[in-house]
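Let me begin by presenting the structure, written as structure tokens, before commenting on it.
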Amino acid sequence: MSRQDDSADGPEQLALIRESVRKAKAPKAKPRTWRGAALAKELPVARVLVDKGVLHLDRYFEYAVPQELDAEAQPGVRVRVRFGAGSKNVRDGRREGGGLIDGFLVERVAEAEYQGPLAALAQVVSPEPVLDAELLGLTRAVADRYAGSLADVVQLAVPPRHARAEARTFPPAAEPPAAPEPGSWARYERGAELIGALASGGAPRAVWTALPGPEWAGEIALAVRAALASGRGALVVVPTVRLAARVDAALEAELGPGRHALLTADAGQQKRYAEWLAVRRGSVRAVVGTRAAMFAPVRDLGLVVVWDDGDAHHSDDHAPFPHVREVLELRAARERCAFLLGSLSCTVEAAQLVRSGWAGAVAAPRDEVRRAAPRVRTVGDQDLARDEAARAARLPSVAWDVAREALRSGPVLIQVPRRGYVPRLACQTCRAPARCRRCAGPLEAREASGALACGWCGREEGAWQCAECGGVRLRAQVVGARRTAEELGRAFPAVPVRTSGREQVLDTVSTAPALVVSTPGAEPVAEGGYAAALLLDGWAMLGRPDLRAGEEALRRWITASSLVRSQEAGGTVVIVAEPTLRPVQALVRWDPTGHALRELADRAELAFPPVSRMAAVSGTPRAVADFLRAVELPGDAEVLGPVPVPDTAPGGARRPGAPPPGEHWQRALVRVPPGSGTALAHALKQAQAARMARTRGGVEPVRVRVDPPDIG
DNA sequence: AGCACGCCGACT
DNA sequence: GTCGGCGTGCTC
């Protein structure tokens, strides 16, 4: 179909197209929308990403561009269009129905691919090209990576509009700062090299194992400054608002005021959009924020940084659940910029980046690590058995002694597992998990009565006996933060006890002696460092039936322990856990990278992620079976299961994304070797799209998730 | 998701 | 004949 020249009936070029299609059927159809309205002379067709759920995965819809919108209807702008079956009702010359909905103008083209008649753009909401070519490319790559829809990813990437913020004018960006000296980066092998490469416009990729202590935030700020010095922009993503504030302060100190933006979801809509616009318009060249900031439209990006990639906050909680580390990897590759993954600990994925050669390792020499880390002492089962005091007081005497001694010189941190995090009960003697006799689900102690019951089927267990060794005693009672605080308060009556947890998080504590009871992730920073830390109930953190249990436990211990003074300054950590366990040994030796490398080797042997790529397909048994039959998987794909999905998480809480109440779902895992991840995602997306298209004839939905988080 | 279209049975 | 059931398919 060719474009008509606009001579006699110029205003109606596209209407002619309509007529040629319609001629056979309807006598005449000239929609009111176009009557008298001229169309844009150049590129009169707009491709629009319509924001309308998952119904049409990644399809663009074409609209005619009226002349008066020609100038503003540029790629990337938000538009409003009529959409819906009602707009097809043109027989009597009326064009009604089909409400106005939002969308993004993706591109302008000369000719429509769509064979039918086009409707006109109703409105350009604002001329701000929020979804420009770069961001479109990134969001599409993320959607492809996760077998998700482009519209879903765009929703994560572009914050809601706020007109007042848009009307503001933004000052031009300040001149680049001078290149920094390496400073405390000199403590790391290849640290100075990294800063030098950033400052001179290079694009190094590094996995950085940070030394314990609070310096990491300043070190990130220094890396950002180096990237800015090269005339480029920089982006830092941290897991929590609290850490964002810390890096924010470090950036302020390094760059001075007004040189960077803080992008967090907790700011109000107006502020959030204003900051985002300041970045988009190039007024601000450095950004720190929480996970949504991973899409921040930084101009001429020179460096992306992700801090503590093991923190679960880095997984978005909206479909398709992209992970900050993965998205920033994509950005580093697409925008040819530097990539810095920093952590006190080390994930298997980070180890994999180094192992594969994609990134280089930046770490301190052993003796530097030993000097900076606290001394770590373990209390294992044998110690506990010999320790009658521990029985009575629920705290081993080593811990008492260390705490008493440390309280002379400063605060002591006590880390206790969060309630609800605590997993299944285990046999006192052989530590085998206690399982339900009927369904093999995890046994739990009922909160109110203390009675034993299955976390899956609810069956009560009156007379448990270990299936492995015949033992009849269970180890269980994890003491909650409040109870621990009370007991410690009685034991040290002269010392103030403070708690930091879910409901109230303390940011800092002073150098004065105090007992600080905290759940993981909520540990306050102590000025000058804690004199000691007690990591209680270590076994509970390790008992989770999760592939990541060891890595996660180590990460939490290291995070808490790194707030403690160095060994030289007398800092001590006591951990109540078996000294033979791998993560415990890694803590004692302060070797998170070694731990991750060993875990990685195990995963490779079992063909588990990240050495393979996995996707989960869940739904009713029939839906999963139908889906698996229809999907055209790559030849090297392997299907595991399906198996029933428990609708409660360990601990009894309804897990997010659980099947609708009353339905019992199944889940299959699909696994492919490295290199076939893209093909897998593509196949899943195709099958899902085909399914959506005829979701009417009683077709039940399936949920597809690439990189499922809870493989156990 | 809505909403219209279309191909079947009960009605004025 | 025609009104209206809901199963099917489309939305530029």
Side-chain angles (χ1 to χ4, degrees), chain A residues 1-4 12-27 29-35 37 39-40 43-67 69-70 73-125 131 136 148-152 154-155 318-319 626 630 660 688-703:
Chain A
M1 191 157 314
S2 68
R3 224 185 126 217
Q4 317 294 316
E12 313 243 12
Q13 312 130 14
L14 288 167
L16 290 174
I17 299 174
R18 162 190 295 277
E19 268 190 292
S20 67
V21 171
R22 282 247 153 211
K23 222 177 298 181
K25 256 188 149 176
K30 290 199 176 163
R32 190 170 58 184
T33 325
W34 300 340
R35 191 159 287 160
L39 293 177
L43 307 178
V45 176
R47 295 218 164 101
V48 174
L49 176 68
V50 173
D51 188 15
K52 194 123 202 321
V54 224
L55 283 318
H56 37 68
L57 280 133
D58 285 19
R59 278 182 51 211
Y60 296 146
F61 288 82
E62 293 172 326
Y63 288 83
V65 181
Q67 180 110 71
L69 296 182
D70 185 24
Q74 294 303 313
V77 301
R78 297 179 210 258
V79 292
R80 284 168 74 73
V81 294
R82 284 205 180 278
F83 189 86
S87 59
K88 222 182 150 192
N89 177 19
V90 291
R91 207 173 272 165
D92 50 0
R94 289 186 318 122
R95 194 176 174 78
E96 301 296 325
L100 280 176
I101 60 165
D102 294 313
F104 295 91
L105 199 163
V106 164
E107 61 178 331
R108 293 273 300 264
V109 291
E111 290 179 26
E113 239 164 54
Y114 182 62
Q115 297 295 301
L118 300 186
L121 292 179
Q123 185 193 348
V124 172
V125 175
L131 187 62
L136 177 66
S149 81
L150 179 62
D152 280 350
V154 166
Q155 199 154 26
H318 295 288
D626 285 351
Q688 184 72 303
R691 218 176 154 73
M692 291 292 186
R694 61 192 149 73
T695 187
R696 262 327 196 288
V699 179
E700 296 162 318
V702 293
R703 226 173 265 162

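Chain identifiers are assigned alphabetically (A, B, ...) following the order of the sequence lines, protein sequences preceding nucleic acid strands; residue numbering begins at 1 within each chain. Only this structure's heavy atoms are used, side chains among them; waters, hydrogens and symmetry mates stay out.
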In whole Å, I'd like the distance from the CD1 atom of A:Ile101 to the P atom of B:dC3. 13 Å
Nucleotide C:dC12, atom C1' - distance to CZ of A:Phe83 in whole Å: 8 Å
CG of A:Leu100 versus P of B:dC3: gap in Å, rounded? 14 Å
To the nearest Å, how far apart are A:Asp51 CG and B:dG2 P? 14 Å
Is A:Asp70 salt-bridged to A:Arg108, going by a charged N under 4.0 Å from an acidic O? yes
Would you kindly give the CZ-to-P distance between A:Arg80 and C:dT11, to the nearest whole Å? 21 Å
With A:Arg78 via salt bridge (charged side-chain N to carboxylate O under 4.0 Å, His left out) - residues at least two apart: none
Nearest-Å distance for atom pair CG/P, residues A:Leu105 and C:dC12: 16 Å
Can you measure A:Leu39 atom CG to C:dC12 atom C1' for me and round it to whole angstrom units? 14 Å
Under the 3.5 angstrom rule, does the side chain of A:Glu62 hit a backbone N or O of A:Tyr114 as a donor-acceptor pair? yes
Nearest whole Å is fine: how far is C:dC10 C1' from A:Arg82 CZ? 18 Å
Ring centres within less than 5.5 Å and planes less than 30° apart: is that true of A:Tyr114 and C:dC12 in this structure? yes
Only counting residues at least two apart or in another chain, list the ones meeting side-chain contact (heavy atoms from CB on, under 4.5 Å) with A:Val106. A:Leu49, A:Tyr60, A:Leu136
